[in-house]
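Values below: every heavy atom of this structure, side chains too, minus hydrogens, waters and symmetry copies.
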Amino acid sequence: MSDTKQRMVRFPKGSVSDQWAQNQENFSLSVRKLIEAIVPIYGDKDYIDALNKISIDHLRSELNASQNSKLSSSQVEVSSDLQNETKQKQLTDTQSKLEENNSNDENNDEKMDPFKFLS
């Protein structure tokens, strides 16, 4: 008895799989090496199940990234709004202080002007 198993594979005529199979000098060796290359990536369980799991995980990751991006954008907008409100308040406060100082300066100037009675 041999320590090998024989598997039969069918490909649709003219398909990518059929073209690849026809291009292999040693089909059995090529298929074995291909399997050895993908097992560390996808595991040794059902390949279609592994692809489905990876696809679902990828979609979840994309969805989470999208939600985090929207959340970050919202946080940036809120932060920007708060900064704008703070700057506006500071500007208003500064303008009020300037007006108050100008008013005080005018009053002080009048009080300090020794020739005010002449005007």
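Going from atom CD of Gln19 over to atom NZ of Lys13 covers 14.0 Å, rounded to the nearest 0.5 Å. A distance of 8.0 Å separates CD in Gln6 from OG in Ser28, rounded to the nearest 0.5 Å.
When hydrophobic residues (I, L, V, M, F, W, Y) are linked wherever their side-chain heavy atoms come within less than 4.5 Å, the members clustered with Leu51 are Ile38, Ile41, Tyr42, Tyr47, Ile48, Ile54. Taking a 4.5 Å side-chain heavy-atom cut-off between Ile, Leu, Val, Met, Phe, Trp and Tyr, the cluster of Val31 extends to Val9, Phe11, Trp20, Phe27, Leu34, Ile35, Val39.
Partners of Glu36 according to the salt bridge (charged side-chain N to carboxylate O under 4.0 Å, His left out) rule, which considers only residues two or more places apart in sequence or in another chain, are Lys33.
We find that Lys53 and Asp49 are not joined by a salt bridge, their nearest charged nitrogen and carboxylate oxygen being 4.0 Å or further apart.
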